[in-house]
Amino acid sequence: MNENIIKEFSDIQDELLPKVKLENTIRKEEIQSIAGVDLAYWDADGKAYGTCCIVVVDYRTEEVTEKVYSYGEITVPYIPGFLAFRELPLIIEAVHKLTKLPDLYMFDGNGYLHYRHMGIATHASFFLNKPTIGVAKSYLKIKDTDFIMPGDEAGCYTDIVIDNEVYGRTLRTTKNVKPIFVSCGNWIDLDTSTDIVLNCINKESRLPVPVRLADLETHKVRKELSK
């Protein structure tokens, strides 16, 4: 069964990939709100469940302007490289609950930094019709290529280059703290993605505020729903 699913999923990714544009469709000065997106899972009665939490923050003040979540049974199996198909239904459902759409979505996960350049931040962009950025806490190793550790100052970075192509960036957001991994989702370039991520860092975490708050919210909602 998985072989048929993998073929179907691969075909969809192959169809979407030529439509990915790693160039800006919005100016940084125009951004007013950013949504952080994260998901969490749990098992109950032999079934898998998930929740998607979206936290929208004001880009300049970091004030939370809206929080929504969706949840439900997960019916798509976990297949490495095709996580987006498992997560998209809950993401789309949560987005539909927003009263006002943000200017940009920032995902707790990868975008272009993916075996097939189709991490959740990239794949989801086609359903959100907004620029997206992927921010991962750990490195998804691709083609046996390791990342190079950046210097130990906030703002230092090294690009992750595989087969002469830049997939993403290892970014130090806080001195003496592990780096994070930033990649374009869609309709934005890597330098702009990096600048936006750094502008969303405060003293509370190495993660940008929208992603950190979405991550905290998923833990809270999962705890409530899985009682």
Check this for me: does any side-chain nitrogen of one of [X] and [Y] sit under 4.0 Å from a carboxylate oxygen of the other?
{"X": "Glu153", "Y": "Arg172", "result": "no"}
{"X": "Lys21", "Y": "Glu23", "result": "no"}
{"X": "Arg212", "Y": "Asp108", "result": "no"}
{"X": "Lys7", "Y": "Asp11", "result": "yes"}

If I take atom [atom1] from residue [X] and atom [atom2] from residue [Y], how far apart are they, to the nearest 0.5 angstrom?
{"X": "Lys100", "Y": "Ser33", "atom1": "NZ", "atom2": "OG", "answer": "6.0 Å"}
{"X": "Glu3", "Y": "Ser10", "atom1": "CD", "atom2": "OG", "answer": "11.5 Å"}
{"X": "Thr174", "Y": "Glu204", "atom1": "OG1", "atom2": "CD", "answer": "11.5 Å"}
{"X": "Met149", "Y": "Thr158", "atom1": "CE", "atom2": "OG1", "answer": "8.5 Å"}

Is the backbone of [Y] close enough, under 3.5 Å, to the side chain of [X] for a donor and an acceptor to pair up by distance?
{"X": "Asp189", "Y": "Thr192", "result": "yes"}
{"X": "Glu66", "Y": "Leu98", "result": "no"}
{"X": "Glu30", "Y": "Arg27", "result": "yes"}
{"X": "Ser125", "Y": "Gly185", "result": "no"}

| field | Side chains of Tyr59 and Asn199, donor plus acceptor under 3.5 Å | value |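 Note: Tyr59 and Asn199 side chains meet the donor-acceptor criterion.
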| Donor-acceptor pair between Thr194 and Arg169 side chains, under 3.5 angstrom | yes
| field | From Val56, Val55, Leu207, residue fulfilling side-chain contact (heavy atoms from CB on, under 4.5 Å) relative to Leu213 | value |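 The single option meeting the side-chain contact (heavy atoms from CB on, under 4.5 Å) with Leu213 is Val55.
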| Heavy atoms, side chains only, cut-off 4.5 Å: are Lys143 and Tyr167 in contact? |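 Answer yes - side chains close enough.
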| said: A side-chain contact here means heavy atoms from C-beta on lying under 4.5 Å apart; do Leu88 and Val76 qualify? | reply: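 They are not in contact (no side-chain heavy atoms under 4.5 Å apart), so the answer is no.
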| query | Quick one: is the NZ or CZ of Arg86 closer than 6.0 Å to the six-membered ring centre of Tyr41, and within 45° of its axis? | reply | yes
| task | Establish, for the pair Lys137 and Phe181, whether the NZ or CZ atom is under 6.0 angstrom from the six-membered ring centre and no further than 45 degrees off its axis. | result |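 So Lys137 doesn't make the cation-pi contact.
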| request: Indicate the ring-plane relationship of His117 and Tyr112, choosing parallel, tilted or perpendicular according to the 30° and 60° boundaries. | output: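 Parallel: the ring planes of His117 and Tyr112 meet at under 30°.
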| Do the ring planes of Phe85 and Phe82 sit parallel (below 30°), tilted (30 to 60°) or perpendicular (above 60°)? | tilted
| query | So which heavy atom on Thr218 is nearest to which on Asp38, and how close? | reply |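 Minimum heavy-atom contact is CG2-O, 3.3 Å.
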| So which heavy atom on Gly109 is nearest to which on Ile120, and how close? |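 Result for this residue pair: CA-CG2, 4.4 Å.
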